[in-house]
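Side-chain atoms are counted along with the backbone in the values below, which use heavy atoms only and exclude waters and symmetry mates.
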Amino acid sequence: VVDLAILFRDEKSAHSDEQHLATVDTFLVGAANDEITSAATIAFSRLDRLPMVLPSRPSSWRHLLDEVSRRKGIAFHVVMEADSVTIQKEIAAKGGAYSILGPYAMMEDVRVGRLQASRIVNPDIKRFVTLAMPKKGPLTLACKVIAQLIQQTAKELEGKGALRLGPGTTKARTGAR
């Protein structure tokens, strides 16, 4: 039995058993000092035919990315499918391909200079982080305390800008590419 789960949603959840924690951006992630990810933002259309490592199908995240690419009339050049975020980051760090990730997945690698990332715009691809709780039965006191700590931590991280890239976490950046 799972008492609490942190979930990434492609749209805001209407489930009464989920509490919204954060709304986060999506980033194109590449090797440190990569030219394509050198700007703060990158238009989704620039992802056309870039070598990519993406999660395999079926995946709700991959489905969303495929839908947006169809709407924008671009084609992903998927050179590898990997459900492991660690593998996606390793391939990106070595310069073999790019990946599309959220801030939690890559922020520390960007901070230490192992990866570089540009926020994807036009369209912005937002993801919603939720805290899911059991549909049946009351939460134990321990679960209630942990849920409160998770909510408090999420608010603190968002308030401190910990989920955004900016000066000090990457080299200086300018407009969209």
Side-chain angles (χ1 to χ4, degrees), residues 2 4-13 18 21-132 150 153-154 157-158 162-166 169-171 173 176-177:
V2 177
L4 301 170
I6 297 175
L7 304 173
F8 288 84
R9 299 285 190 197
D10 303 330
E11 55 191 37
K12 277 197 172 179
S13 178
E18 291 184 24
L21 295 175
T23 302
V24 296
D25 292 311
T26 300
F27 298 84
L28 179 69
V29 180
N33 301 313
D34 175 74
E35 183 181 333
I36 302 259
T37 57
S38 64
T41 60
I42 186 165
F44 191 88
S45 60
R46 287 282 318 248
L47 279 56
D48 191 33
R49 304 203 195 302
L50 285 180
M52 301 287 257
V53 55
L54 295 175
S56 61
R57 294 181 186 109
S59 154
S60 61
W61 178 232
R62 176 69 183 271
H63 178 74
L64 174 70
L65 293 174
D66 288 344
E67 283 296 312
V68 174
S69 69
R70 274 192 283 284
R71 281 196 314 262
K72 288 296 197 177
I74 72 161
F76 287 133
H77 174 57
V78 180
V79 296
M80 175 186 262
E81 290 185 333
D83 294 326
S84 164
V85 172
T86 301
I87 292 173
Q88 291 178 38
K89 292 190 304 183
E90 282 299 316
I91 300 297
K94 290 182 179 4
Y98 298 90
S99 191
I100 300 175
L101 299 170
Y104 295 115
M106 56 74 185
M107 189 60 70
E108 186 58 28
D109 292 290
V110 169
R111 282 192 179 124
V112 299
R114 190 169 173 271
L115 292 171
Q116 186 169 274
S118 295
R119 184 172 57 87
I120 297 172
V121 296
N122 301 325
D124 288 347
I125 301 175
K126 300 288 187 188
R127 289 201 274 179
F128 305 93
V129 185
T130 65
L131 176 62
I150 290 169
T153 301
L157 287 172
E158 201 163 30
L163 305 180
R164 294 185 295 270
L165 297 178
T169 58
T170 61
K171 63 184 185 180
R173 297 172 172 208
R177 297 187 127 218

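Here Glu108 pairs with nothing under the salt bridge (Lys or Arg N to Asp or Glu O under 4.0 Å) rule; sequence neighbours left out.
Looking only at distances, a side-chain donor or acceptor of Asp48 sits under 3.5 Å from a matching main-chain atom of Ala75. Not a single donor-acceptor pair under 3.5 Å links the side chain of Thr26 to the backbone N or O of Lys126. For the pair Gln116 (side chain) and Thr37 (backbone), a donor-acceptor distance under 3.5 Å is present. Side-chain atoms of Lys89 come within 3.5 Å of backbone atoms of Ala105 as a donor-acceptor pair (strictly under, hydrogens ignored). Side-chain atoms of Ser84 come within 3.5 Å of backbone atoms of Thr86 as a donor-acceptor pair (strictly under, hydrogens ignored).
Between Phe27 and Thr41 the shortest side-chain heavy-atom distance does not fall below 4.5 Å. Using a 4.5 Å heavy-atom cutoff, the side chains of Ser45 and Lys72 are not in contact. Under the 4.5 Å side-chain criterion, counting only non-hydrogen atoms from C-beta, Ile42 is not in contact with Val121. Leu131 places none of its side-chain heavy atoms less than 4.5 Å from the side chain of Leu7. Residues Asp25 and Pro103 have side chains not in contact (no heavy-atom distance under 4.5 Å, counting atoms from C-beta outward). By the 4.5 Å heavy-atom criterion applied to side chains, Ile6 and Tyr104 are not counted as neighbours. Side-chain contact between Tyr98 and Asp34 is present, with heavy atoms from C-beta onward closer than 4.5 Å. The closest side-chain heavy-atom distance from Phe128 to Asp10 is not below 4.5 Å.
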So Val29 and Ile100, side-chain contact (heavy atoms from CB on, under 4.5 Å) or not? Walk me through it.
CA-CA 6 Å; Val29 180; Ile100 300 175; over 6 Å; no

### Task
Please step through side-chain contact (heavy atoms from CB on, under 4.5 Å) for the pair Val129 and Thr23, ending with a clear verdict.
CA-CA 6 Å; Val129 185; Thr23 302; over 6 Å; no

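Residue His63 qualifies as open at atom NE2: its count of foreign heavy atoms under 6.0 Å is 12 or below. Surrounding CZ of Arg49 are at most 12 heavy atoms belonging to other residues, nucleotides or ligands under 6.0 Å away.
Annotation for Gly96 and Pro51: closest pair O-CB, 4.1 Å, computed over non-hydrogen atoms. Smallest separation of non-hydrogen atoms from Ala31 and Ala93: CB-O, 3.5 Å. Closest non-hydrogen pair, Leu101 versus Arg127, comes out as C-NH2, 3.6 Å. Closest of all the heavy-atom pairs between Ala82 and Val53 is CB-CG2, 4.0 Å. A pairwise comparison of heavy atoms in Leu65 and Phe44 identifies O-CZ, 4.2 Å as the closest pair.
One finds the CD atom of Glu18 at 9.5 Å from the CG atom of Leu21 (value rounded to the nearest 0.5 Å). Rounding to the nearest 0.5 Å gives a distance of 12.5 Å between CG of Asn122 and CZ of Arg46.
With Val78 as the partner, the side chain to side chain contact (heavy atoms under 4.5 Å, CB included) test is satisfied by one option alone out of Asp66, Leu50, Leu54: Leu54.
Using a 4.0 Å cut-off between charged side-chain N and carboxylate O, Arg119 and Asp124 make a salt bridge.
For the residue pair Ser56 / Glu81, no side-chain donor-acceptor distance below 3.5 Å is found, with atom types taken as modelled.
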